[in-house]
Amino acid sequence: MSKRLYVTPYRCIDCKVCEQACSLANTPVPGVPARPRVQSFKVDDQNNFVLLCLQCDEPSCQAVCPVGALERNPETGAIEVNDKCIGCGFCVRACPFGCMDYDDTHNEYIKCDVCKGDPACAKYCPTGALVWSDKPWTDQEAEEYAKKKSSDPFTIALEMTKK
Amino acid sequence: MISGNGKPFGSPQALLERAEAIRTERKAIKQEIRVCAGPGCIARGAKDIHKQFQSEIKSHAKELKAAGLELDATLSEKCTGCHGMCEAGPVVTLEPEGTFYTGVKPRDAKKIVEKTLLHDQLVDPLLYELGHQRGGGKAERYTDIPFYSLQVRVALRNVGVVDPTNFDDFLAEGGFKAFAKAVSEMTPEAVIDQVEESGLRGRGGAGFSTGRKWRGALRVKKDRVWLICNGDEGDPGAFMDRAIMEGDPYSVLEGMMIAAYALGATDAYIYVRHEYPLAVEHLQLAIDKLHTAGLLGDNILGTGMTLNIRISRGGGAFVCGESSALMRSLEGKVGEPRAKYVRSVEKGLHDEPTVLNNVETFTCVPAIIDKGAGWFASMGRDKSKGTKAFSLVGKVKHTGLIEVPMGRTLREIIYDIGGGIIDDRPFKAVQTGGPSGGCLPADKLDLPVDFDTLSRAGAMMGSGGMIVMDDHTCMVDVAKYFINFLIGESCGKCVPCREGLRQVYDLLDKITKGEGEDGDIEKIEKLCHTMEVASLCALGKSAPYPVTSTLKYFRDEYEEHIQNKVCRAGVCPSLIMYEINEDCTGCDICARHCPTEAITGIKKKMYTIDPEKCISCGICKSVCKFDAVDIKSGDKIVSRDAVA
Amino acid sequence: MSEAKTNETVHLTIDGREVDAPKGAMILDVARGMGIDVPSLCAHPGLEPFGACRLCVVEIQKPGWDDWYKQLVTSCLYPVEEGLKVWTDSDEVRQNRSVVLDLQMARVPESDYIRELGRQYGVEKTSYAERDTKDTCIMCTICVRACEAIGRSAIATLSRGPDKYVDVPNKDACIGCLVCASLCPTDAIPFTANDNGKRRIWDKEFDLVTDERTGEVLGTPEYLAHVQKRAEGNGLVWPETLKQESAKVKRYEYARKLSRVADVEDRLADEAK
Amino acid sequence: MSPRRAKKTDVDLDNTEALEPSAGDTGAKAPPRPNKSRPSDLSDEERAADEILAHYPLAEPSLIMVLQELNDHYQWLPPKALLRVSEKLGVPFGKVQGVATFYKAFSLEPKGKKTVKVCLGTACHVRGAGMLVDELKRSLKVEPGHGMSEDGDYSLETVNCVGACAMAPVVMVGDNYYANMAPGNIGKMLKKEKPA
């Protein structure tokens, strides 16, 4: 099983380190930070949340792209924007999660490409809310989770989508 | 008129039997009147002549019957395609004698019927004047005229012989013999072998081996092969394909059918230039007829072969003679060429394998299959086999349509067949290959005409237009003319062609206006080089040839325009002046026609032209009956013939 | 843009450097992939190669050709071949590029972009007759091809030869997406993106739809309708509420929704009891 | 399937009002809209276009043939008819207009009652056809390919070769050929051809 970005929301403290790391890792021109591909939210008092591209199996962004500028990288499994992009913005409109975005400082359409297999967000996440791994938790963590019966909303949400 | 029984032919054998039957029936015909209905002759009233003949024959029916001539039984009267000698039109020939009447008017029909048909006498004033050729006198038969006797007609074999609207006529002349032979005796492979062996090269211009092209398409294994016949003859001064399509549509179709058999093609197009409505009409008639005769459609001649041929009218764009542009046009798109790095035999029309040949090429195919590759290859020279049709036009005495074996020299064509230059003026240049070709000077007159020799000399075989120029033709003006032509015809896709042509034209225009400077020629040369190597399609790549070839052979004329501000041919309006000489009788006609009132004078005395008011329109010279208007350029009188 | 990408590769030499390239790839793309700067005005990776600007010409030599013989080809349209030798910056190539740029400068004397490019090839000033125009269109037709890709084909080339020009013959077809203007290498398409809630391009005025919460401009109503139609044509569902929301708002809403799933789990756990 | 990947339809969670598609917007194909104009509402041009279109398959390759017939019918291409053709063939109007302006066979402006065509083939050129064009421009006060003379009688066109090189220079008025023309004969020719 190849690696993925796993989110454990209850660990998230909305420190915005992921956003900063993402921004710096994807900056094409030094000194001009790029718009981050990942975003963390403070939803309410209890809940923080990190949202990044789900790398859907049948991505809407890819389906509406008129020039085939969105392609899946077979190595990372991520959908990437290639140089075919003509900037029509259809993908931004089509993504239901708002994970396709336009960076107006660098004039390009952006989305999470898991940093080509080395995601900066996960690397710098201080709490382990974001991990780049082949499974969501280590065995110990899974045990811990079972004990705590803490909710992992993301996992539950996704399990629900499978029915 | 003898007609078929209207049922489709069930086998090649049935077709051949029917042809034989027609030939037997026709042995009874003692006399045939052929009225030339080529474009030139129609323009001069050939249709009226045909009508007049019909009514004269009717009104003389009794006398004719007494003489053993009965319309549609022993006497036949028909319109044929172009007879070739357009300059002498309208032309009427009487077979089997080959009596040749020129300049026929409708009222002459009566004379011909009464004198020639009834009393075996020739109508003397209508006979062709041989002039200095063959010792002068008048030619009784067209075979006596060098214009005809020096020709060898392969592609034009039926043009001027058959009635293009009559299928039986074509069968009687051996039509579809080759197709019947191909489908019943030959494998597709053998057909291609024959074509390749014959050495037939594309008659459209580039001269690619037809056999090799076909083989190439066969190698690309695909479900469908498209066949296209290119009848978008755009070269100004060329009308061979028009003559063939109008005068012998069945031969074109037969050639395509043989190609379709060899390639396994089931769908074909003929792309006809939109200025040729008569060609469309005749081809459509022929296609319809072939469908009812079981020669097109499904199960052709009972062999299981399927072929549908559709006519597509061009939209009036020279660039559509370029094969990739033509295919875009057939797809309903703007006729912009594509880069040719992927060959059209692999990816052509609708991105499927496509074989495209020119009208004349297809027309040669039945003759090759019928008479054998060896026969065809025995004509011509080196790598250019067979014959080639040319339209011989310009300042030559006998303008018209000719066909000669490859390898004849320009001199033979222009002087022996063409009869030399009008008014026996000095020959200056011959332009071959249309806008993509070049101009060859007098010292190249002994060059043999074939694909490779012409390209080496800087001209091109092209589709076969041959325009003869005398000393009253300005070479800078000719170059400018072709560039202007190409500006109007460039598709405007790529930069060197679109922008380069405009700049070359501006520079040439400057030169012809007497505003040329040192360095202009070099600028033109540099530009021409880039156009030649960097343009996208053949039109752009060959666009500079008219300029480069005139620069090569007539550079002094360019320099004269730039340095001395002189146009030695008396053509460039800004460099010439009109002047009235002492031959003027004071008839006042020039003054009356002058649009700017530049001519003044007292009646019956010599008139004068005010150079300030004169706009060099040339009207005075064209209306003057006494050759009293001269053209001056610099200090020299370069007088020019009256235009009319 | 080559279809049927296979794993087959061909071996060729570009500017003396050997390279393996996938069969069917164009010389231009392969050279650029090697970091070689081949100029071009009409090529865009997302659009069909067109071959009109003639700036990307390179010299090639096929195996078996005489040593002295080279041919100039358009690299954006020429697929790589086994054993091919390519020169992207030879004297002949530079000479032709300079003539082409010289011609372009005469066509669009007002274009800074072309002037800058010309300077790189030693053309300071055009040697030909300049057009008297402020127009900077160089007829690369990127706008035409992009508009076609988007599915509108509002922009077309009209007429032919030197008179050929680019225009929108039917204003109804334009959706005001501004893609044409943003892709134009010489900024020849004038537009105002947002002037008091109005957008102007191709002599047509558009309203603008904004995200109520952020005030971010989402596009023209025509544009949004077109995307929706296109998406539905691809079998995508198109939730009404998403139509007029910016990416940011969509993200926030989704995050909120997912965070609420915790409540769902609690409820499920309760029910299980 | 990994839990990190959602199918696009998976957004349709039952409990997410926010993401639920609104009624009538379920992605199902909209019912075909009734033809907005009944035949009786069509203009003459549209009807003429329809008549011609009936003979051809409704696809792009038919475009040029259809335009040819339209042009034969009107002597030019009326915009309404072009829009109709674009709509029926499913070819974007820009492309139709592009084709109509690319090919010389089509005119986008109305023509005079008769069209004077001056052949500018090489043979005609070397025999002085350029002077004929100049003279016609002067006497008709029109530019070749554009507009018509003040009285609406004539349009002027130049053609590249009418294939009657033996009679060069040639002028055609309608279907009539005038052979061996000279600037001096233009006036006579126009008088003779003047439409009633």
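A quick note: this is a predicted structure, and the numbers were derived from the prediction, not measured. When reading the values below, keep in mind they use all heavy atoms of this one structure, side chains included, and skip hydrogens, waters and symmetry mates. The sequence lines fix the lettering, A, B, ..., with proteins before strands; numbering per chain opens at 1.
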Counting only heavy atoms not in [X], do more than 12 sit closer than 6.0 Å to its [atom1] atom?
X	atom1	result
Lys116(A)	NZ	no
Lys204(C)	NZ	yes
Gln120(C)	CD	yes
Glu75(A)	CD	no
Tyr102(A)	OH	yes

How many angstroms lie between atom [atom1] of [X] and atom [atom2] of [Y], to the nearest 0.5 angstrom?
X	Y	atom1	atom2	result
Phe41(A)	Tyr254(C)	CZ	OH	12.0 Å
Leu51(A)	Glu253(C)	CG	CD	12.0 Å
Ile142(C)	Ile86(A)	CD1	CD1	10.5 Å
Lys250(C)	Phe97(A)	NZ	CZ	10.0 Å

**Q.** Proximity breakdown for Tyr252(C) and chain A, heavy-atom pairs closer than 4.5 Å
**A.**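 The answer is both parts of Tyr252(C).
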Q. Non-hydrogen atoms of chain A under 4.5 Å away: do they reach the side chain of Leu183(C), the backbone, both or neither?
A.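 For Leu183(C), the contact with chain A is made by the side chain alone.
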Q: Please confirm whether the backbone N or O of Pro45(C) pairs with a side-chain atom of Asp83(A), one donor and one acceptor, at under 3.5 Å?
A: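 Flag not set: sc Asp83(A) to bb Pro45(C) has no pair under 3.5 Å.
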Q. Are the side chain of Arg93(A) and the backbone of Ala247(C) linked by a donor-acceptor contact shorter than 3.5 Å?
A.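 Such a contact is absent between Arg93(A) side chain and Ala247(C) backbone.
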Q) Measuring heavy-atom distances to chain C, does Cys88(A) have an atom under 4.5 Å in its side chain, in its backbone, in both, or in neither? A)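 Contact with chain C: backbone and side chain both.
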Q) Most heavy-atom pairs under 4.5 angstrom with chain C, which of Gly89(A), Ala69(A), Ser40(A)? A)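 When all of Gly89(A), Ala69(A), Ser40(A) are compared, Gly89(A) has the most.
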Q: Determine whether Phe90(A) and His226(C) make a side-chain contact, defined as any pair of heavy atoms from C-beta on separated by less than 4.5 Å.
A: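 Answer yes - side chains close enough.
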Q) Is there a side-chain contact between Asp101(A) and Arg251(C) (heavy atoms, below 4.5 Å)? A)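 The answer is yes; the side chains approach within 4.5 Å.
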**Q.** Distance-minimising heavy-atom pair for Lys84(A) and His44(C)
**A.**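 That closest heavy-atom pairing would be O-CE1, 3.3 Å.
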Q) Where do Pro66(A) and Ala149(C) come nearest, in terms of heavy atoms and distance? A)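 That would be CB-O, 3.0 Å.
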(Q) Report, in residue-number order, which members of residues 186-202 of chain C are under 4.5 Å from chain A by heavy-atom distance. (A)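 Residues in range: none.
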